[in-house]
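Only one structure is covered here, and it is reproduced in the block below.
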Amino acid sequence: MIELKSVTYHYPNQTLPALRSASLSVSAGEFLLVVGPSGSGKSTLLRCLNGLVPHFHGGTLRGEVSVAGRDPVAFGPRGMSDVVGFVFQDPEAQFVTQRVEDELAFAMENHNLSQITMRKRVEEVLDQLSIAHLRQRRVDTLSGGERQRVAIGSVLTLHPSLLVLDEPTSQLDPQAAEEVLTTLQKLNEDLGLTIVISEHRLERVAQYADKVCYLPGRGQPLIVGDPRQVLAEAALAPPVVRLGRALDWQPLPLTIKDGRPFATDLLRSIDQEHPITVKSGLPKDRDSSGRPEALSPPVIIADGVWYRYNGTEALRGVSLEVQRGELVALMGRNGSGKSTLLKNMVGLLRPQRGKIRILDHDMREASLTEVTRRVGFVPQNPGRLLFNETLAEELAFTCRAHQMPTTDTGPLLDRLKLTGLARAYPRDLSAGERQRAALAAILVARPELLLLDEPTRGLDYVNKEQLTALLNDLRAGGVTVVMATHDVELVAGCADRVVILGEGQLVVDGPVREVMTESMIFASQINKLLRDDRFLTVEDVLGGLGD
Amino acid sequence: MMYHPITWSLWLLAALMPVVLTKNPFYLLVAILAVAVNYLALGHSSPTAEGWKSFLRLGLVLVLFSMAFNLLFVSAGDTLLITLPKLHWSLAILASQPVLIQIGGPVTLESVVYGLTTGLALMGVLITFATFNTLVDHYQLLRSIPRFLYQSAIVASIGITFVPQMVIAQREIREAQALRGHRFRVIRDLPPLFIALLAEGLERSITLAESMDARGFGGQPSPASSGTAGAHTPSPDLLLKSVIALALVILASGAFALSYFPNRAIGGATMLIGSGTLVVALWMVGQGVQRSRYRRDLWRRRDLLVAGASVVVCLLIMAIWLTDRSVFAFYPYPRLNWPDFNAWIGLPLLLLTMPALANRLTGEPLGELAHD
């Protein structure tokens with residue numbers, strides 16, 4: 001189906017190639033997972049498959065590409081459109097029409113198919129993707145997961161033999177991502193459709209993949225092979241795989257199910273050989289120590305907060321206290337009120353009933369200027385915080401806006417692993433770097449309280465780990481952090497407390513180990529595997545064994 | 001879309017006629033309210049409702065601006081309200097005819113009222129387009145456009161949907177920047193907002209363009225679905241591009257001739273030839289692109305009601321315009337008169353509310369819109 005022979009590609013005016021002699025072969029009906037750190041050329045590789053590279057982006061491509069018997073370089077994306085369906089990352093930006101049904105028909109209209117064929121295929125695709133109930137909806141009223149399924153449908157109507165998806169779930173929450181990935185698995189199994197997907201959530205797709213293609217980046221050659229083989233070497237790996245690699249489990253488990261037999265043995269051996277070391281060997285036990293217990297007044301006091309957006313009650317009487325130096329994770333379904341609560345804490349929204357005190361500001365009347373001097377907020381799309389020419393100017397800007405002296409920003413940039421990027425244009429940075437740049441622009445003002453909205457959206461494992469380390473670091477420095485997130489691994493790695501919201505009400509509030517071990521959904525992979533409140537992360541297990 | 005594209009087009013025409021042709025504030029007000037009723041009844045739950053509200057705000061600003069402008073610059077009229085301090089310059093652009101610019105001086109009731117009616121007329125046009133934009137499915141409208149205009153029309157349609165998206169993005173960016181201590185006090189504070197918005201707009205456009213390209217938009221000359229290698233074609237050929245370029249050159253020189261030569265006929269004829277060439281070129285493009293249409297729009301009884309009402313309004317206004325234009329005229333100078341109001345003209349304008357009523361009158365289910 002796909003045959004790439006030593007393909008080298010340069011974007012226009014770039015001296016370094018985005019792809020260097022990449023070779024790849026995929027047969028019909030295979031499910032290929034493309035992984036690699038951000039900026040390693042995943043998107044470029046995928047765009048070679050339908051001619052968007054080099055036709056749309058320019059530049060020079062050498063080597064041979066053949067997809068479904070055609071040469072995408074000669075045919076161009078339009079000529080390839082009936083054999084390659086392409087789905088993009090941003091579920092909002094890829095629609096042409098306003099109704100779901102029209103969107104499904106758009107590609108067929110371009111291909112001049114008869115009305116009878118179009119009607120038949122639209123019906124088929126609606127059923128195949130279980131989106132028949134959405135057919136008359138406006139696309140802008142759909143949820144992220146629904147949008148991505150419609151986007152998949154809009155290319156399936158041409159009956160392509162290959163479906164290519166460029167990080168289709170990176171902008172989605174876990175439930176929506178699950179919807180999309182399950183749909184893909186079904187298409188692959190029921191129809192034998194060849195699927196090529198780039199994806200960060202390996203723990204979700206690794207088990208469906210027949211083959212994994214790993215792009216290490218920096219011009220190093222691709223590694224293609226069986227998922228177990230490739231993940232055993234790749235720098236990016238989900239927690240279960242990392243644990244399996246560290247403990248040399250064979251065959252390497254990709255899922256919790258695969259890991260279960262090893263888990264039972266592991267728990268037994270820990271309890272027999274190091275029973276005491278493990279119990280006492282939890283210096284990082286964040287629940288009991290590490291925070292000065294109520295020495296100073298709480299940083300956040302929310303008391304019966306209500307908030308209503310045109311007709312829907314986003315918050316219904318939320319009461320919450322956060323102590324200085326605590327790291328609290330707000331979790332819960334989309335629309336459960338997490339973001340609304342955060343916005344109420346910084347003053348972008350004002351509580352309509354009840355009150356919030358942040359530090360010593362009464363948030364019903366405090367001015368945004370005063371609050372933002374002491375409270376940092378990083379929104380879901382961190383790029384929106386950035387608007388200066390260089391990163392250094394971003395930092396200087398924050399200092400100026402808060403009337404602070406400009407300090408030496410070198411140590412901060414070092415800490416955020418942004419050394420050497422001070423002169424870079426912030427919007428050119430990769431997803432992970434952009435996130436850290438936004439954090440730098442906020443942290444330079446030394447906020448006492450940091451609020452984060454979905455900080456790991458679109459980040460790969462390496463970037464997530466760096467963020468986890470940074471948050472631990474900040475907490476050690478006495479900064480209070482509240483983050484709204486769906487990312488259980490991040491929560492397992494650094495949170496003290498988990499607060500779960502449901503329909504605008506506080507449902508659960510407790511120490512992270514307790515909440516995770518009692519929950520089916522809000523638990524980290526390692527916790528799901530071992531079902532033991534001593535172990536949330538790979539480090540917990542290895543630390544326990546090490547002593 | 002609740003109504004057939006032709007119905008909506010007729011309604012748009014009918015709604016634009018009074019706001020464009022009349023200066024009478026009463027008729028203007030009736031027309032604006034009648035148009036707004038449709039938005040209130042059908043559109044306020046639509047996701048683009050925010051866009052409608054910003055158009056309304058823009059309209060109000062225009063009314064105020066127009067009043068302020070007249071108040072400051074026009075001193076004609078008999079009813080003196082107050083006298084402001086007067087400033088004036090004489091600008092000698094042409095030595096023979098110095099231009100006198102004057103600010104302030106006597107403020108008359110007439111100038112304020114004149115400003116108000118001018119502002120209302122502008123607001124009427126804005127509100128009509130905003131309502132149309134909120135209630136109409138652009139894509140469905142697009143399908144009923146002749147094939148050779150399709151390519152240019154889809155660009156326009158995307159532009160229309162792009163604006164409300166950008167309004168939302170703009171608000172979020174402003175919020176995000178306020179969090180970094182960025183304040184909007186003077187014009188100088190605007191570039192950061194603008195840059196972030198532009199960057200985001202560009203990123204979106206690139207994805208959209210890629211997505212359209214990857215779905216075969218813009219030309220599949222042979223039956224491509226057969227899957228043969230012959231499906232591939234080069235982009236519109238050189239001849240066509242030259243014809244379009246030529247047409248544009250002719251058009252431009254026509255416009256030039258029109259403004260600089262005393263004989264209007266030459267310029268007019270040149271422009272006519274230019275437009276003709278352009279239409280032919282676009283038609284040629286259309287011939288190269290084989291497209292099919294997914295569905296025919298249904299013509300329902302409620303369409304008949306709305307279309308009928310719109311035609312009645314159009315005919316009435318046209319008839320008055322052709323027989324006695326003074327009915328629509330309103331000129332407050334030199335002394336303000338109470339504008340006329342004839343119920344036989346005012347009441348039929350209420351027919352413009354028909355889109356909000358028709359489905360209730362016919363009892364046909366709303367269908368699609370119920371999901372919004």
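First the proteins, then the strands, lettered A, B, ... as listed; each starts at 1.
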**Study point:** Sole residue of E109(A), H111(A), E103(A) in side chain to side chain donor-acceptor pair (under 3.5 Å) with R215(B)
**Key:** E103(A)
**Study point:** Heavy-atom contact with chain A under 4.5 Å, split by part of I195(B)
**Key:** side chain
Practice item. Name the member of A68(A), G69(A), A445(A), A93(A) that forms the most heavy-atom pairs with chain B at distances under 4.5 Å. Key: A93(A)
Check your understanding: Can you check whether L429(A) reaches Q435(A) side chain to side chain, under 4.5 Å on heavy atoms?
Key -> no
Review point. Checking heavy atoms, do the side chain of S154(A), its backbone, both or neither come under 4.5 Å from chain B?
Key: both
Practice item. Just give me the residue among T372(A), L104(A), L386(A) that pairs up with chain B most often, heavy atom to heavy atom, under 4.5 Å. Key: T372(A)
Check your understanding: By a 4.5 Å heavy-atom criterion (distance strictly below it), what part of L52(A) contacts chain B: side chain, backbone, both, or neither?
Key -> side chain
Revision key, fill the gap. Note: vs chain B, highest number of non-hydrogen pairs under 4.5 angstrom among T369(A), N50(A), T398(A) is T369(A)
Study note, to complete from the structure: Assert top hit (heavy-atom pairs under 4.5 Å, partner chain B, pool V371(A), L368(A), V122(A)) equals V122(A)
Practice item. Please state whether the rings of W8(B) and W11(B) are parallel, tilted or perpendicular, taking 30° and 60° as the class boundaries. Key: perpendicular
Point to revise | L385(A) portion near chain B, given a 4.5 angstrom heavy-atom threshold | key: both
Study note, to complete from the structure: Between W52(B) and the options N133(B), T131(B), T134(B), the side chain to side chain donor-acceptor pair (under 3.5 Å) test singles out T131(B)
Exercise for review: Examine whether an atom of L197(B) lies under 4.5 Å from a heavy atom of chain A, and if so say whether it belongs to the side chain, the backbone or both; otherwise answer neither.
Suggested key: neither
Study note, to complete from the structure: Minimal heavy-atom distance between P447(A) and V375(A), with the atoms involved, is CB-C, 4.1 Å
Point to revise | Between M212(B), E210(B), E175(B), E172(B), the one whose heavy-atom pairs under 4.5 Å with chain A are most numerous | key: E210(B)
Check your understanding: Going by the angle between their ring planes, with limits at 30° and 60°, are F387(A) and F397(A) parallel, tilted or perpendicular?
Key -> perpendicular
Exercise for review: Hey, could you give me the CD/CD distance between E389(A) and E394(A), rounded to the nearest 0.5 Å?
Suggested key: 9.5 Å
Review point. Sub-3.5 Å donor-acceptor pair from the side chain of D102(A) to the main-chain atoms of T97(A), do we have one?
Key: no
Point to revise | Portion of E92(A) that has a non-hydrogen atom of chain B nearer than 4.5 angstrom | key: both
Exercise for review: Answer with side chain, backbone, both or neither: which region of R47(A) has an atom nearer than 4.5 Å to a non-hydrogen atom of chain B?
Suggested key: side chain
Exercise for review: Please look at E200(B) and chain A and tell me whether the side chain, the backbone, both or neither of the residue comes under 4.5 angstrom of a heavy atom of that chain.
Suggested key: both
Review point. Under a 4.5 Å heavy-atom cut-off, does chain B meet the side chain of M108(A), its backbone, both or neither?
Key: backbone
Review point. Parallel, tilted or perpendicular: which fits the ring planes of Y11(A) and H57(A), with parallel below 30° and perpendicular above 60°?
Key: perpendicular
